[in-house]
Amino acid sequence: MQSAISEPVPTTGAATGKYGRLKNFIDGRFLASASTRSIPVISPLDGALLAEMPCSAAADLDAAVQSARAAFPRWSRMPIKERVQVFFRYKYLLEKNLQELAALVSEENGKTMGEAIAEIEKCIELTEFATSLPQLVTGEVLEVSKGVECRTEHVALGVVASIVPFNFPAMVPNWTIPNALALGNCMILKPSEKVPLSVTRIALLLKEAGLPDGVFNIVNGDREIVEAICDHPGIEAVSFVGSTKIAKLVYQRSTANLKRCLALGGAKNHLLVLPDAKPDMTAQNVAASMSGCAGQRCMAASAMVAVGDVDAIIEKICAEARKIIPGTNLGAVIDKTAKERIIRYITEAEQQGAKILVDGRGVTVPGKENGTYVGPTVIDHVTPDMAIAKDEVFGPVISILRVDTLDEALAIENASPYGNAASVFTQNGGYARYVIDRASAGMVGINVGVPVPREPFSFGGWNESKFGVGDITGKSSIEFWTRLKKSTVKWNPEAGINWMS
Ligand code: NAD
């Protein structure tokens with residue numbers, strides 16, 4: 001695989017790691033970037049240098065856009081039933097290469113092998129949905145006056161861009177690739193500079209599945225290339241997934257350039273635990289939600305609002321958290337900066353009076369001393385004014401806030417500027433409905449710690465967790481990746497002109 005995704009001879013004097021200096025994927029080929037600037041790609045598992053990622057320049061993006069624009073007429077005119085054949089084959093290739101892809105995801109992102117396997121399984125499910133798109137885009141037709149028909153068709157936009165974050169190196173790209181391409185678009189994907197390897201392998205699988213050259217391209221890079229994407233006149237639409245700060249910038253810049261944009265941002269998800277919640281199930285869900293993927297999920301539980309006396313459940317949550325062992329069933333956080341940020345939040349909360357029940361600071365994994373691990377952390381008596389209660393911590397940490405009533409719990413949830421997910425743990429259907437109606441979040445869970453809607457339901461938050469209209473996956477994404485063509489048709493020209501015809 002190395003020769004396919006990297007240059008055989010490193011172009012920098014420094015060591016470039018196991019995969020060498022990466023190339024962009026343009027017009028079905030791996031091409032070296034015009035830029036000499038690069039960023040090291042480090043494995044969070046053990047600190048090993050994996051690769052050098054080139055910070056591509058505008059010229060690289062231009063080449064990719066040209067290739068995508070050249071591929072667009074043929075690809076978009078192909079019937080959708082033919083286009084999705086590529087994705088039937090791609091789905092099979094994902095299944096066939098599942099272990100190898102998962103190993104790469106784990107190596108570059110730091111998540112456990114089990115989590116990486118689940119991520120590839122999710123890619124398979126997303127692709128399966130794309131193969132059903134012919135059934136969902138049939139359009140409408142109606143005889144609107146005598147002999148006159150109106151019909152609508154979903155038409156591809158052209159060249160689109162997908163800018164993705166580090167936390168799901170394969171899944172988030174697959175939120176956009178199968179749907180956007182099956183609907184007839186050509187794409188430029190900008191991976192996260194922290195995890196650029198998995199998508200390179202995905203590009204090869206798409207090619208092997210029969211995707212024509214130029215339909216899918218990868219341009220590696222950082223801020224410079226993101227800004228160039230927002231400004232490029234050859235790109236019609238931009239989808240972005242990442243932090244709220246950058247989502248806002250990308251949304252503002254690309255829409256100012258009159259592009260369609262859907263930008264998903266960060267999150268602060270609240271789990272509301274009521275005294276009637278089932279203790280074991282609740283504790284397992286809370287612990288899994290806050291620690292899965294080392295807490296680096298935009299759907300992770302970050303704050304638990306304890307309503308009334310739930311001390312027995314909190315004890316069980318601590319017991320569950322103590323079973324989570326860094327380096328065994330808990331992966332690493334993405335890098336040293338992230339580790340330091342998470343520890344800073346914990347320490348600051350402690351200094352302000354919060355009580356650390358389970359402490360994940362000071363963790364090292366024997367044999368992986370350069371890995372960036374933080375242990376599971378449970379913090380009680382956090383108050384709403386503390387930074388740890390308000391900010392996205394993005395680590396395996398749960399802050400417990402104590403209130404007396406469900407309305408007080410909802411007030412805390414509603415006050416957050418984010419709005420990705422919220423869940424309630426209760427056995428009372430009336431309380432559950434009360435929370436569904438009042439939570440200010442796009443995705444709500446009842447007795448579910450990570451309420452990710454599975455296909456064909458769409459994924460997307462509210463408030464500062466998403467800018468733009470519609471959702472990024474499922475049926476809702478059809479509206480983002482296509483525009484409607486309306487035609488009015490009359491095949492009986494001998495008929496008289498009637499109302500507005
Ligand atoms: P990030 O915002 O730092 O980076 C996302 C992308 O933006 C990357 O490709 C990066 O190269 C680019 N970027 C970074 N800084 C930039 C700048 N100054 N100008 C232009 N582009 C820039 O996010 P991340 O750290 O990679 O990912 C974690 C964040 O993503 C978390 O906030 C998480 O909640 C969020 N996320 C949200 C969802 C969702 O569905 N809402 C899903 C996954 C991740």
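Counting starts at 1 for both ligands and their atoms, in listed order.
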| said: Do the side chains of Lys194 and Glu108 get close enough for a salt bridge, i.e. N-O under 4.0 angstrom? | reply: no
| message | We want to know whether Glu107 and Tyr19 form a side-chain donor-acceptor pair, criterion being a heavy-atom distance below 3.5 angstrom. | response | yes
| message | Using a plain distance cutoff, I'd like to know if Gly265 has any nitrogen or oxygen under 3.5 Å from a nitrogen or oxygen of ligand 1. | response | yes
| task | Please state which part of Ile163 comes within less than 4.0 Å of ligand 1, counting heavy atoms only: side chain, backbone, both or neither. | result | side chain
| Nearest to atom 39 (C) of ligand 1, what protein heavy atom do you find, and at what distance? | Cys298 SG, 3.3 Å
| request: Would you please determine whether Phe168 falls within less than 4.0 Å of ligand 1 on a heavy-atom basis? | output: no
| query | Which ligand 1 atoms does Asn167 reach within 4.0 Å, using its non-hydrogen atoms? | reply | 43 (C), 44 (C)
| Of all the non-hydrogen atoms in the protein, which one sits nearest to atom 7 (O) of ligand 1, and at what distance? | Phe240 CE1, 3.3 Å
| Distance-only side-chain donor-acceptor flag, Asn414 / Ser440, under 3.5 Å | no
| Plane angle bin for Tyr251 and Phe467 - parallel if under 30°, tilted between 30 and 60°, otherwise perpendicular | tilted
| Nearest non-hydrogen atom to atom 12 (C) of ligand 1 belongs to which of Val226, Asn269, Leu189? | Val226
| field | Numbered atoms and elements of ligand 1 in range of Gly266, under 4.0 angstrom, heavy atoms | value | 32 (O), 34 (O)
| note | Per-atom filter on ligand 1: closer than 4.0 angstrom to a heavy atom of Val164 are 6 (C), 8 (C), 9 (O)
| What do the steps show when you test Glu227 against Arg253 for salt bridge (charged side-chain N to carboxylate O under 4.0 Å, His left out), and what is the final call? | CA-CA 8 Å; Glu227 292 177 351; Arg253 192 158 177 153; 3.8 Å; yes
| note | re atom 10 (C) of ligand 1, the protein heavy-atom contact at minimum distance is Glu193 OE1, 3.4 Å
| task | Identify, for atom 13 (N) of ligand 1, the protein heavy atom at the shortest distance, and state residue, atom and that distance. | result | Ile246 CG2, 3.9 Å
| request: Give a yes-or-no answer on whether the side chains of Asn217 and Ser67 include a donor-acceptor pair shorter than 3.5 Å. | output: yes
| request: Inspect the contact between Asp471 and Lys466 and indicate whether a charged nitrogen and a carboxylate oxygen are less than 4.0 angstrom apart. | output: yes
| Atom indices of ligand 1, in the order listed, that fall short of 4.0 Å to a heavy atom of Ser243 | 1 (P), 2 (O), 23 (O), 29 (C), 30 (O), 32 (O)
| task | Closest by any non-hydrogen atom to atom 30 (O) of ligand 1: pick that one out of Ala421, Gly242, Ala263. | result | Gly242
| query | Among all protein non-hydrogen atoms, which one is nearest to atom 28 (C) of ligand 1, and what is the separation to 0.1 Å? | reply | Phe394 CE2, 3.6 Å
| said: Whether Lys268 and Asp391 form a salt bridge (side-chain N of Lys/Arg under 4.0 Å from carboxylate O of Asp/Glu) is what I want to check. | reply: no
| said: Can you tell whether the side chains of Arg344 and Glu348 come within less than 4.0 Å, N to carboxylate O? | reply: no
| message | Regarding atom 31 (C) of ligand 1: of the candidates Glu392, Lys245, Lys466, which has the closest heavy atom? | response | Glu392
| Distance filter under 4.0 Å to Asn420 heavy atoms, resulting ligand 1 atoms | 41 (N)
| Closest non-hydrogen protein atom to atom 27 (O) of ligand 1, residue and atom name please, with distance? | Pro165 CB, 3.2 Å
| said: Which of the numbered atoms in ligand 1 are under 4.0 angstrom from any heavy atom belonging to Trp175? | reply: 40 (O), 42 (C)
| message | Less than 4.0 angstrom from a charged side-chain N to a carboxylate O is my criterion; do Lys190 and Glu193 meet it? | response | yes
| Hey, are Asp213 and Lys207 close enough for a salt bridge, meaning a charged N less than 4.0 Å from a carboxylate O? | yes
| field | Donor on one side chain, acceptor on other, Glu52 and Ser38, under 3.5 Å | value | yes
| note | Closest to atom 40 (O) of ligand 1 among protein heavy atoms sits Phe459 CE2, 3.1 Å
| task | Provide the number and element of each atom of ligand 1 under 4.0 Å from a heavy atom of Lys190. | result | 8 (C), 9 (O), 10 (C), 11 (O)
| message | Under 4.0 Å from atom 1 (P) of ligand 1, can you find at least one protein heavy atom? | response | yes
| Would you call Lys122-Glu125 a salt bridge at under 4.0 Å N-O? | yes
| query | Starting from atom 24 (P) of ligand 1, which protein heavy atom do you reach first, and at what distance in Å? | reply | Phe166 CD2, 3.6 Å
